[in-house]
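Just so you know, ligand 1 is whichever comes first in the structure, and atom 1 is the first atom listed for that ligand.
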Amino acid sequence: MLLLNPGPVTLSERVRHSLLQPDLCHREDEFFDLQDEARERLLNVYGLAASEWAPVLLTGSGTAAVESMIAALVPEQGRLLVIENGVYGERIAQIAKQYRIDYEVVRHDWMSAPDLNAIAGRLDSAQKRFTHLAIIHHETTTGRLNDLASLADLCAERHIGMLVDGVSSFGAEALDFAHPALLAVAATANKCLHAVPGAAFVMVRHSALERATSRTYYLDLGRLAKLQAQRNTPFTPSVHAYYALVEGLRELEDQGGWQARHAHYGALAEQAGTGFAALGITPALPAAESSVVLRAYRLPPTMGYVPLHDGLKAAGFVIYAGQGGLSAEIFRISTMGSVQAADVDRLVSSVVKLLG
Ligand SMILES: *Cc1c(COP(=O)(O)O)cnc(C)c1O
């Protein structure tokens, strides 16, 4: 079965075999060597300096990393503006509410790009100043790649720190870590890094960590960062998921880094889009506004999602439904994971057969 959902991904044989390494006690040197390698390789993906950035590992899915980032980095007296144009933006607002963080939301239609004027207006008209802004980089709900650059400038001018959910972009899309507004990016092992679920992480500036607060016990970013820097860990980590993360990161480096992965995904997305276009299946968003990681397509007029999904599953592919109100309108194809051009060819010919 080939997984074309946005994580967990189809593993390469190399990553799959990495799971079969020796059992490790997480209080022994061998585990801390593994943890150190994961942390160092995470910095290397975007060429970050250890003096500026801390890679903090967590055991959990991507949401654990996002929750840890939001709960720690908006201080007690801080105020958060959440930019929402999909399910994952909505999730950040729910996290903020759960932790009783002082927050507001700028809501958009799920097919729309963030409205910079509206965001600037909200920041500037606030009775009480916002200290932080949270945004999804790749909003997996629609495949939209939110433009972080102009938003980061807007934040920098107002001394607002930016917290980014990069769960479905880290490792395959450009991220400008040098921008002074960017304080942290949360992500996971089992999306663009091609490893297994169970390990997630936050890349966070030391300057932001110094001001971190502690609202949660298990997901306490500051504590995790401090202990990991000392070759330590507070709890039992998902050791095998760390094996896979390290192997996924080695493989990413061997394949040419995030830029090569970006190009590979882009070619596959283009190939699928061209194949679908010949069948009258159109993209929900223009390619220029989409990530290379996942594309949303309008369901063909002659077939609903369920028969399309079930027919493709019988042919060996798992595709992904639209979420919420979009479930009746779109389907999604993610090409993250061990997916090759020949797989996309087979996918397109399977759709041809189904619609034929
Ligand atoms: C997948 C995803 C998450 C996290 O989902 P989990 O199921 O917790 O791994 C968060 N944000 C975005 C943008 C995602 O695509």
Side-chain angles (χ1 to χ4, degrees), residues 3-11 56-71 73 82-96 98 105 108 110-114 133-148 151 162-175 182 184-203 216 218-219 221 238 241-242 244-245 248 261 265 269 284-285 289-296 318-324 326 330-337:
L3 301 183
L4 300 173
N5 50 289
V9 298
T10 300
L11 301 180
V56 186
L57 287 160
L58 295 109
T59 285
S61 74
T63 306
V66 175
E67 182 164 338
S68 175
M69 170 178 80
I70 299 293
L73 299 183
V82 181
I83 312 305
E84 180 186 309
N85 61 343
V87 169
Y88 296 101
E90 194 175 55
R91 186 174 291 181
I92 290 187
Q94 285 166 351
I95 291 169
Q98 186 89 28
V105 180
H108 300 79
W110 285 8
M111 294 311 291
S112 304
L133 178 145
I135 175 102
I136 312 301
H137 186 204
H138 168 211
E139 186 39 274
T140 322
T141 309
T142 56
R144 179 179 292 282
L145 193 67
N146 285 326
D147 172 21
L148 296 186
L151 206 56
M162 200 157 78
L163 309 177
V164 172
D165 171 341
V167 174
S168 63
S169 60
F170 188 96
E173 296 284 356
L175 276 159
L182 183 61
V185 176
T188 186
N190 68 287
K191 292 202 182 185
C192 306
L193 298 179
H194 296 185
V196 302
F201 56 93
V202 182
M203 310 302 287
T216 127
Y218 190 75
L219 299 175
L221 191 70
S238 50
Y242 282 35
L245 172 60
R261 185 148 294 172
Y265 287 176
L285 288 177
E289 294 175 26
S290 300
S291 76
V292 292
V293 178
L294 173 141
R295 294 280 162 90
V318 173
I319 62 166
Y320 215 49
Q323 281 156 299
L326 293 175
I330 63 167
F331 69 99
R332 292 176 290 171
I333 299 286
S334 161
T335 47
M336 60 175 93

Minimal heavy-atom distance between R144 and E289, with the atoms involved, is NH1-OE1, 2.9 Å
Test of understanding: with ring pair (Phe, Tyr, Trp, His ring centres under 6.0 Å), list the residues that count as partners of F201, not counting sequence neighbours.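 F201 satisfies ring pair (Phe, Tyr, Trp, His ring centres under 6.0 Å) with F170 only.
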Pairing residues for E173 by the salt bridge (Lys or Arg N to Asp or Glu O under 4.0 Å) criterion, not counting sequence neighbours: none
Side chain to side chain contact (heavy atoms under 4.5 Å, CB included) partner of L294, chosen from T142, T140, I333, T141: T140
Under a 4.0 Å heavy-atom cut-off, what residues line ligand 1?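 Within 4.0 Å of ligand 1, protein side: S61, G62, T63, Y88, R91, I136, H138, T140, D165, V167, S168, K191.
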Heavy atoms, side chains only, cut-off 4.5 Å: are I92 and D165 in contact?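 A side-chain contact under 4.5 Å exists here.
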Counterpart residues, side chain to side chain contact (heavy atoms under 4.5 Å, CB included), relative to A64 (two or more places apart): L219
